[in-house]
Undergrad: 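One structure is given below, represented as structure tokens, and several questions about it will come after.
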Amino acid sequence: MEVVIVPDAKAGGELIAEAMAQLLRRKPDALLGVATGSTPLPVYEALAAKVRSGAVDAGRARIAQLDEYVGLPADHPESYRSVLRREVLEPLGIGMDQFTGPDGTAQDVQGACEAYDRALAEAGGVDLQLLGIGTDGHIGFNEPCSSLASRTRIKTLTEQTRIDNARFFDGDIDQVPHHVITQGIGTILEARHLVLLATGEGKADAVAATVEGPVAAVCPASALQLHPHATVVVDEAAASKLKLADYFRHTYANKPDWQGI
């Protein structure tokens with residue numbers, strides 16, 4: 001995997017947004033896999049700025065969801081579908097008819113999970129999947145000890161995750177759903193290009209385990225080591241525990257400009 005160390009979150013957002021823009025110039029109807037949370041916001045902001053300036057046209061792009069709450073109405077302001085509409089689709093000028101995600105309100109949740117895996121395959125697969133990482137190394141909602149071959153499935157949220165997410169529900173943990181549908185690690189690994197963005201010292205241990213540790217289910221993100229085109233973009237704080245940080249800086253600084261990430 002390639003590790004790119006950037007000065008700060010804004011620089012990371014610009015770098016990844018340019019990679020997305022280059023992809024859209026080559027393939028205007030590319031399927032972009034997106035994540036929620038605060039970490040990817042600089043990416044979406046930088047890509048939206050490129051769209052507004054005319055540097056890239058995202059009008060034909062397709063968007064795929066990484067995960068969704070179970071039991072939360074699709075039009076609830078904190079459903080991930082609603083969040084992505086506000087933070088990604090509307091700023092990029094992309095309609096909901098170009099969006100695909102799992103049905104968190106389905107009576108047959110397992111059937112909805114299987115249907116989403118099929119929908120991704122029928123759409124031709126994800127061209128670029130953007131990922132964040134938890135302090136425990138989780139990606140999507142694949143918590144530690146998730147199967148590295150897992151498919152889209154229902155997962156039970158840990159109490160800490162529900163506490164963390166309560167800030168989006170007026171601080172009331174009782175409003176936070178107990179379950180989510182998430183793409184499995186095996187599903188995520190089918191994307192053509194995986195790009196993980198991590199910022200802040202709180203992510204440093206997880207980044208070190210992902211990049212330099214063994215491939216192990218205890219750190220789900222370590223599965224990226226198995227992917228033929230995985231890029232980890234980290235700021236200086238998140239890179240602070242990397243033993244090979246100087247090597248990563250050297251290789252990226254001397255990389256041919258045409259190669260991109």
Side-chain angles (χ1 to χ4, degrees), residues 1-4 16 19-20 22-24 26-37 39-40 43 58 60-68 70 80-81 84 88-89 94 98-104 106 109-134 137-155 180-198 206 209-211 214-233 260-261:
M1 82 175 57
E2 180 180 28
V3 179
V4 182
I16 297 170
M20 289 180 166
Q22 290 179 10
L23 170 62
L24 291 172
R26 296 192 306 271
K27 185 179 181 181
D29 65 344
L31 182 57
L32 302 177
V34 294
T36 54
T39 298
V43 178
R60 292 174 57 194
R62 297 169 295 152
I63 301 295
Q65 194 173 358
L66 186 61
D67 38 42
E68 182 58 277
V70 170
Y80 289 141
R81 182 179 297 253
L84 291 172
V88 181
L89 278 78
I94 298 172
Q98 292 156 252
F99 174 86
T100 184
D103 183 1
V109 176
Q110 181 58 37
C113 295
E114 294 170 0
Y116 189 46
D117 268 349
R118 287 196 301 273
L120 291 175
E122 290 168 2
V126 175
D127 291 293
L128 186 154
Q129 176 65 57
L130 180 61
L131 299 166
I133 186 172
H138 75 255
I139 50 175
F141 277 109
N142 296 284
E143 302 283 358
C145 293
S146 292
S147 166
L148 301 186
S150 55
R151 309 300 303 176
T152 297
R153 67 209 187 287
I154 186 171
K155 292 288 288 184
V180 293
I181 292 175
T182 184
Q183 285 189 37
I185 297 172
T187 308
I188 291 169
L189 290 175
E190 290 177 351
R192 295 177 183 85
H193 185 191
L194 298 178
V195 181
L196 187 150
L197 176 62
T210 296
V211 173
V215 176
V218 73
C219 179
S222 67
L224 270 66
Q225 295 182 35
L226 302 173
H227 196 276
H229 189 188
T231 307
V232 176
V233 180
I261 62 170

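Side chains included, hydrogens not; waters and symmetry mates left out as well; all remaining heavy atoms used.
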Undergrad: Within a strict 4.5 Å, meaning less than it, do heavy atoms of the Cys219 and Thr210 side chains meet?
TA: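 Counting from C-beta outward, Cys219 and Thr210 do come under 4.5 Å.
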Undergrad: Distance from Ile188 atom CD1 to Leu120 atom CG, nearest 0.5 Å?
TA: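 With rounding to 0.5 Å, CD1 (Ile188) is 10.5 Å from CG (Leu120).
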Undergrad: Is a donor on one side and an acceptor on the other found under 3.5 Å between the side chain of Arg62 and the backbone of Ala123?
TA: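 Yes, because the side chain of Arg62 sits within donor-acceptor range (under 3.5 Å) of the backbone of Ala123.
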Undergrad: Rounded to the nearest 0.5 Å, how far apart are CD1 of Ile181 and CG of Leu66?
TA: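 One gets 12.0 Å once the value is rounded to the nearest 0.5 Å.
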Undergrad: Does anything in residues 113-124 pair up under salt bridge (Lys or Arg N to Asp or Glu O under 4.0 Å), and if so which pairs, sequence neighbours excluded?
TA: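 Qualifying pairs: Asp117-Arg151.
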Undergrad: CD1/Ile63 to CG/Leu31 distance, rounded to the nearest 0.5 angstrom?
TA: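 CG of Leu31 is found 7.5 Å from CD1 of Ile63.
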Undergrad: Check whether any side-chain heavy atom of Asn142 lies under 4.5 Å from a side-chain heavy atom of Arg153, and answer yes or no.
TA: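 Result yes, sub-4.5 Å side-chain heavy-atom pair found.
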Undergrad: Under 4.5 Å between any side-chain heavy atoms of Ser150 and Lys155, yes or no?
TA: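 A side-chain contact under 4.5 Å is absent here.
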Undergrad: Under 3.5 Å, side chain of His227 to main-chain N/O of Ala191, donor-acceptor pair present?
TA: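 Yes: the side chain of His227 pairs with the backbone of Ala191.
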Undergrad: Is there a side-chain contact between Met20 and Val195, using heavy atoms and a 4.5 Å cut-off?
TA: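 Counting from C-beta outward, Met20 and Val195 never come under 4.5 Å.
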Undergrad: Among Ile94, Val126, Leu128, Val88, whose side-chain contact (heavy atoms from CB on, under 4.5 Å) with Leu32 holds?
TA: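 The residue from Ile94, Val126, Leu128, Val88 that satisfies side-chain contact (heavy atoms from CB on, under 4.5 Å) with Leu32 turns out to be Leu128.
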Undergrad: Measuring from Asp127:CG to Asp29:CG, what's the distance to the nearest 0.5 Å?
TA: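 Separation between the atoms: 8.0 Å.
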Undergrad: What distance separates Leu148 CG from Leu189 CG, expressed to the nearest 0.5 Å?
TA: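 These two atoms lie 8.0 Å from each other.
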Undergrad: Under 4.5 Å between any side-chain heavy atoms of Gln98 and Leu89, yes or no?
TA: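 Sidechains of Leu89 and Gln98: no contact.
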Undergrad: Which heavy atom in Glu68 sits nearest to a heavy atom in Tyr80, and how many Å separate them?
TA: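 In this case the closest contact between Glu68 and Tyr80 is OE1-N, 2.9 Å.
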Undergrad: Taking all atoms of both residues into account, what is the closest heavy-atom pair of Pro40 and Ala35, and its distance?
TA: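 Minimum heavy-atom separation between Pro40 and Ala35: CG-O, 3.5 Å.
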Undergrad: If I take atom NE2 from residue His229 and atom CD from residue Glu2, how far apart are they, to the nearest 0.5 angstrom?
TA: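 His229 NE2 to Glu2 CD: 7.0 Å, rounded to 0.5 Å.
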Undergrad: Kindly give the heavy-atom pair with the smallest separation between Lys27 and Arg192, and that separation in Å.
TA: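 Between these two residues, the closest heavy atoms are NZ-NH1, 4.4 Å.
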Undergrad: When you compare the side chain of Thr100 with that of Tyr116, does any pair of heavy atoms fall below 4.5 Å?
TA: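 When only atoms from C-beta onward are counted, Thr100 and Tyr116 do touch, with a gap below 4.5 Å.
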Undergrad: Please enumerate all residues that pass side-chain contact (heavy atoms from CB on, under 4.5 Å) together with Gln225, with sequence neighbours excluded.
TA: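 side-chain contact (heavy atoms from CB on, under 4.5 Å) check on Gln225 returns Met1, Val215, Ser222.
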Undergrad: Determine whether Leu131 and Leu224 make a side-chain contact, defined as any pair of heavy atoms from C-beta on separated by less than 4.5 Å.
TA: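 With C-beta onward as the side chain, the pair touches.
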Undergrad: Of all heavy-atom pairs between Ile133 and Ala221, which one has the smallest distance, and what is that distance?
TA: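 Closest approach of Ile133 to Ala221, heavy atoms only: CD1-CB, 3.7 Å.
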Undergrad: Any side-chain to backbone donor/acceptor pair from Glu190 onto Gly125? Under 3.5 Å, distance only.
TA: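 Judged by distance alone, no pair lies under 3.5 Å.
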Undergrad: Could you tell me which non-hydrogen atom of Leu24 sits nearest to which non-hydrogen atom of Ala61, and how far apart they are?
TA: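 For Leu24 and Ala61, the tightest heavy-atom pair comes out as CD2-CB, 3.7 Å.
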Undergrad: Any idea which heavy atoms bring Asp103 and Ala112 closest together, and the distance?
TA: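 So the two residues come closest at O-CB, 3.7 Å.
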